[in-house]
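As C-alpha cells, the structure follows; a few thoughts come after it.
Just so it is clear, the model here is predicted, and its values are computed rather than measured. We number each residue from 1, following the sequence as shown.
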Amino acid sequence: MKLMQVGAPGRERPVVLEDGRHYDLSPLTSAVDGAFLERGGLRRVREALDDGALAEIDVVGLRIGAPIARPGAVLCIGQNYAAHAAETGDPPPAEPILFHKSPNTVVGPYDEVLIPRGSERTDWEVELGVVIGKRARYLETLRDARSCIAGYVTSDDVSERAFQLGRPGGQWSKGKSCETFNPLGPWLVPADEVPDPQVLEIRSWVNGEPRQDSKTSDMIFTVDEIIWHLSQFVVLEPGDLVNTGTPEGVALSGRFGYLRPGDVVETEVAGLGRQRNVCGQA
C-alpha cells in the first residue's frame, strides 16, 4: 500500500497504489495531511481496500505531487552518516544536529528543482524521510518513538552550500530553504510495511552517473533515536516531515561538480520509490 497525491500544484487529490492499481481516496479525505494521519487514516485506507470500497482511478498523464500535503514543519538531521561528516571535514556529531527547512520547499518527486539566483554551489542529498503520525512530546522510550511514525518517503534535501556555509554566523537554513529544495515521494509507505528502516539502500545519481550509494544501517543515530531525541526539545505534530541525514557522495566533498540548469538528479530509497528532477534557473 503506497499513498500518493496527483494533480496540479495546490489541487492534488489523494490516491493509493495497491498491486499496480490506483484507487481514489477522495471519499476518505481531501488530502494526505496531519489530520488524516492522526485520525487513523492509514488504517481506514487499508480497511477500504480490503472491503473493495474504493473506485479505481486512471493517473496516466497526471502530475505526481508530494505524497503528503504541506507539512507544518520540516526538521532535518545534519551529518548523520559518519562518512558524510568526514567528507565535510567534521567529526561525527555527539548528538543529532537539528536544522529546519521551510515547509514550502516541499515539491513533487518529478518537479523542476530551481537553482537559486546567485547560486554557484547547489548540491543534492538523498535522505530517508520520516512522516509523523501522532504527536510526539517528551517521549519516554525508543518504542514510543516508533509508534509516532506514520510512514517513510524518499526525500532530497537540496542545499546551496555558499548560502549554508559561506555566510557569517552559520546560516544552514538559508542554504536549505530555497524554493523547490525538498522533492518528496513518489509514495508514502506506511511504517508497518517497512519493518526495519535501518536496512534500506539509499542512492543518488546526477545525469545518470552514480553519486551516493549507501544503506540506512550506516546512520550514526537511528530513526527511533532521532524521533525520541527531537521530542525532548520540540513537539512533533502529525504530518511533520523529518529528514534523517544523507550519506557520502555529495558535491560538497569536492569529488563532483555542483548542479547547473539542465542537470538531472535522481534519488531513491529502496521500496520507497525513485525521484527524477531536472534543474532549472530561478
Side-chain angles (χ1 to χ4, degrees), residues 1-6 9-10 12-17 25-49 54 65-77 96 98-109 127-155 157 177 182-195 197 221-245 269 272-273:
M1 186 173 86
K2 302 175 175 72
L3 275 71
M4 308 170 59
Q5 297 195 130
V6 301
E12 294 92 346
R13 64 189 301 176
V15 301
V16 60
L17 173 62
L25 290 180
S26 297
L28 298 182
T29 185
S30 61
V32 181
D33 57 11
F36 169 73
L37 297 172
E38 186 176 30
R39 294 195 303 263
L42 296 179
R43 173 184 51 78
R44 292 191 288 124
V45 171
R46 170 49 61 198
E47 292 172 350
L49 283 170
L54 299 175
I68 59 172
R70 181 179 294 182
V74 180
L75 301 97
C76 307
I77 304 301
L98 171 64
F99 62 92
H100 290 73
K101 291 175 81 89
S102 176
N104 65 2
T105 58
V106 173
V107 294
E127 307 204 7
L128 172 64
V130 177
V131 177
I132 301 301
K134 69 178 184 180
R135 201 167 193 247
R137 174 181 178 272
Y138 294 118
L139 298 174
E140 295 289 341
T141 67
L142 297 184
R143 180 175 294 182
D144 292 339
R146 181 68 64 94
S147 73
C148 292
I149 296 172
Y152 302 97
V153 292
T154 299
S155 186
D157 175 20
S177 291
N182 203 144
L184 198 68
W187 312 313
L188 169 65
V189 178
D192 61 5
E193 298 192 15
V194 184
F221 306 104
T222 68
V223 168
D224 295 344
E225 290 170 338
I226 289 168
I227 301 305
W228 175 86
H229 180 85
L230 292 179
S231 80
Q232 310 306 306
F233 300 91
V234 300
V235 177
L236 304 177
E237 299 286 0
D240 286 352
L241 172 66
V242 179
N243 289 327
T244 58
V269 180
L272 306 182

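- Using a 4.5 Å cut-off on side-chain heavy atoms (C-beta onward), Tyr152 and Val130 make contact.
- Interatomic distance, Ser231 OG to Leu236 CG, rounded to the nearest 0.5 Å: 6.5 Å.
- A pairwise comparison of heavy atoms in Trp187 and Met4 identifies CD1-CG, 3.5 Å as the closest pair.
- The shortest distance between side-chain heavy atoms of Cys148 and Leu139 falls below 4.5 Å.
- Atom CD of Gln232 has more than 12 neighbouring heavy atoms from other residues, nucleotides or ligands inside a 6.0 Å radius.
- Taking the ring pair (Phe, Tyr, Trp, His ring centres under 6.0 Å) definition, one finds that Phe233 meets it with His229, sequence neighbours left out.
- Within the 4.5 Å cutoff, the side chain of Leu25 has heavy atoms near those of the Leu3 side chain.
- Applying the side chain to side chain donor-acceptor pair (under 3.5 Å) definition to pairs two or more places apart or across chains, those involving residues 25-41 are Asp24-Ser26.
- Screening Pro67, Pro109, Pro71 against Leu184 for a side chain to side chain contact (heavy atoms under 4.5 Å, CB included) leaves a single residue, Pro67.
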Check: Going through the checks in order, is the side-chain hydrogen bond (donor to acceptor under 3.5 Å, both in side chains) test met by Asn104 and Ser102?
Finding: CA-CA 5 Å; Asn104 65 2; Ser102 176; 2.7 Å; yes

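- What you find for Pro103 and Gly72 is that their closest heavy atoms are CG-O, 3.6 Å.
- Between Met1 and Glu193, the shortest heavy-atom contact is N-OE1, 3.0 Å.
- The minimum heavy-atom distance linking Asn243 with Val74 is given by the pair ND2-CG1, 3.8 Å.
- Under a 3.5 Å cut-off, the side chain of Thr244 and the backbone N or O of Leu128 do form a donor-acceptor pair.
- Contact of the Val16 side chain with the Lys2 side chain is not registered, since no non-hydrogen atoms from C-beta on lie closer than 4.5 Å.
- Distance CG/Asp192 to CD1/Ile149: 12.0 Å, rounded to 0.5 Å.
- For Asp144 and Ser147, the side-chain atoms include no donor-acceptor pair closer than 3.5 Å.
- Atom NZ of residue Lys101 and atom CG of residue Leu241 lie 9.5 Å apart, to the nearest 0.5 angstrom.
- A donor-acceptor pair is defined here as one N or O able to donate and one able to accept, closer than 3.5 Å; such a pair exists between the side chain of Gln5 and the backbone of Val32.
- The salt bridge (charged side-chain N to carboxylate O under 4.0 Å, His left out) pairs that include a residue from residues 230-240 are Arg135-Glu237, where partners are two or more places apart or lie in different chains.
- Of all the heavy atoms in Ala145 and Trp228, the pair that sits closest is CB-N, 3.8 Å.
- Between Ile77 and Leu230, the closest side-chain pair of non-hydrogen atoms falls below 4.5 Å.
- Leu272 has its side chain out of reach of Val153: every pair of non-hydrogen atoms, C-beta onward, lies at least 4.5 Å apart.
- The nearest pair of heavy atoms linking Leu142 to Asp224 is CD2-O, 3.7 Å.
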